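A quick note: this is a predicted structure, and the numbers were derived from the prediction, not measured. Computed over heavy atoms, backbone and side chain alike; hydrogens, waters and symmetry mates excluded. We name chains A, B, ... by the order of the sequence lines, and we start the count at 1 in each one.
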Amino acid sequence: MTFSRPLAIALALALAGPVAVSAPQAQAAPLKLELTQGVIEPMPYALPGFIAGNAAAAKPAADITQVIADDLSGTGLFRQIPASAFISKVTSFDAPIQYADWKAINAQALITGAVSVQGDKVVVKFRLFDVFSGQPLGEGLQFAGPLSSWRRMGHKVADAVYSRITGEGGYFDSRVVYVQETGPKAQRQMRIGMMDYDGANNTYLTDNKSIVLAPRFSKDGRSIIYVSYVSGFPHIYLMDLATLQSRRLDDTSGTMTFAPRFSPDGSRAVYSLETGGNTDLYVMDLSTGTSTRLTNSPSIDTAPSFSPDGSKIVFESDRSGEQQIYVMPASGGEAQRISFGAGRYATPVWSPRGDLIAFTKQNDGRFYIGVMKTDGSEERLLTASFLDEGPTWAPNGRVIMFTREAPGGDTLPQLYTVDISGRNLKRVPTDGGASDASWGPLLP
Amino acid sequence: MMHLNKALLLVAVLGLAACNNPNRYGHGGADGYGANGANGAGGISSAGLGDASNPRSIAYFNQAVGNTVHFLVDQSTLTPEAQQILLTQSQWLNQNREYAILIEGNSDERGTREYNIALGARRAQAVQEFLSAHGVAANRMRTISYGKERPIATCDDESCWSQNRRAVTVLSQGQS
């Protein structure tokens, strides 16, 4: 799915004038949410329903407005002011903004928009206003595309708003691949699902006749790599998402391959290969199929993940006697242990920003999702439960999705998200059980 | 010896009955899951279990000899009990050479997914090495790990987890 190039509507970007901000230190600055400070009080925003340009646009306009509200409020960083509080009515996309009316209800940001539908094509335009400085924040934008992609239109608007206010990249117009799980635990059926980040537009990429695990997006979002037992034994496969065609990547019988992940440029895959009971890490050139061994130790070396610049690999190993996290050069060589806290550390995943490593920690019968700096310092635990595991990063590195399984015998796992501040824990709505997610890139 | 194994098996079955375990007779292949619970061909031929009263049947092996050994938490070392069962397995397998052997390693659910696949592989390997050291031809045997994806007992405590930390010797006729 592609969009026509966003049409810029010329609007001056003026950033003068003192404004109130919700960040701890209010100062003379444009509307800005400083995420590094940890946001406790969500920023109030007004989002009048997008104006329908014609009758066919009435429902899409209302639906798209709702997607934008769900995205923004769902971050926990923004709070939508109910329409019943509005003093001004926005009746035309180009009408002047009555800033005083929005200031009076304490809206810090105002988002206006319009939607028109022609046949199966939809056009969405929006503007963002900094109410307290009485200025637009950034220029108006227009998105056009097939009507079937209306949810993406909403996500695109919300990403632009989020990005302008926080100064960070967005993450709403993105997809997640995961393992759908149904049936009792002893006869669990699994298949790979793909959905929007918010659980919408779910589809299945494999059947549920074999165990499938660890689907992982390529950085361009066009393919996934995953584990399937379809041959009877676990092996890694590469699937082209445009055709849904898969091919097995390794052909050494008598071995198992698992825990695959792409290199950032998509040209290689790092994975675990087990032979004779021992598990080491290998990297495969995906164009030639040639594999190179990266570790050689009588321990379990698994769950590898590249740094975003491709120069390093973080992985877990029990070479010290229990699972701990190590970093080594992407070409192999000496590995440096970086986890030293109490308990066991597993499933490290490098943040797309490069600054943090997310992990699963297991200690005293509890499981935690946490983050640490790439040298292992400043460890912070974000969640705790009976069983949390398998973190994956939102494309902007601000949110982590992970698997949680409640106690209760035959419970199904579920996907949750949490902000890297540790706030805003939320379940991702899915059809049946869901686990082992991989959050893909922001869509083009 | 044989009586002891039967007694152990009975205890094990009673233990299972206490948990929510719809797949108690798991590895029979009659539950639509295939002989190994993996679903999907994979060159594993299914075989009739035969009658447990026939001492050369798979059913006899599964029930009288015992097809399962258990492991301690995060361990792949064979316990004395496991070694005793595997010794009996090796004797039986050496007398019944028509069967191919798939050793399935499994873990409990109290760990991460990838690690448990590797841990299950270690357990399967430990069984294979023991059987090999006791005369079972290596070319009859293959190993696989299901990690934590195929528990047989599902509850929230050690009474189930201890049953799931296991390696199962699965027989089929012909090549593995």
Taking the side chain as every heavy atom from C-beta outward, state whether [X] and [Y] have any pair of such atoms under 4.5 Å apart.
X: B:T112; Y: A:F359; answer: no
X: B:R113; Y: A:E389; answer: yes
X: B:R150; Y: A:I211; answer: yes
X: B:E109; Y: A:E405; answer: no
X: A:D318; Y: B:L119; answer: no

Which portion of [X] sits near chain B, non-hydrogen atoms under 4.5 angstrom:
X: A:P298; result: backbone
X: A:F367; result: side chain
X: A:E181; result: side chain
X: A:D436; result: both
X: A:S272; result: neither

Engaged part of [X] at the chain A interface, taking heavy atoms whose separation is under 4.5 Å:
X: B:D74; value: side chain
X: B:S76; value: neither
X: B:A124; value: neither

Should the pair B:E114-A:R216 be classified as a salt bridge under the 4.0 Å nitrogen-to-oxygen rule? yes
For the interface with chain B, which of A:G276, A:G365, A:A214 has the highest count of heavy-atom pairs at distances below 4.5 Å? A:G276
Under 4.5 Å, counting heavy-atom pairs only, tell me which of A:I300, A:T411, A:N278, A:T360 racks up the most with chain B.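 Highest number of heavy-atom pairs under 4.5 Å: A:I300.
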By salt bridge (charged side-chain N to carboxylate O under 4.0 Å, His left out) - contacts of A:E316 (at least two apart):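 For A:E316 there are no salt bridge (charged side-chain N to carboxylate O under 4.0 Å, His left out) partners, ignoring immediate neighbours.
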Which is it for A:L213 and B:I117 under the side-chain contact (heavy atoms from CB on, under 4.5 Å) test, yes or no, and what are the steps along the way? CA-CA 11 Å; A:L213 304 170; B:I117 293 175; 3.5 Å; yes
Mind listing the closest non-hydrogen atom pair of A:M256 and B:A121 along with its distance? CE-CB, 3.6 Å
Could you pull out the closest heavy-atom pair between A:Y229 and B:S145, with the gap in Å?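 Heavy atoms of A:Y229 and B:S145 come nearest at OH-O, 2.6 Å.
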Mind ranking B:Q128, B:R123, B:K148, B:E129 by heavy-atom pairs under 4.5 Å with chain A and telling me who comes out on top?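 Going by pairs under 4.5 Å, I would pick B:K148.
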Nearest 0.5 Å please: distance from the OH atom of B:Y115 over to the OG1 atom of A:T347. 13.5 Å
Measure the spacing between CD1 of B:I144 and CD of A:E274 and express it to the nearest 0.5 Å. 10.0 Å
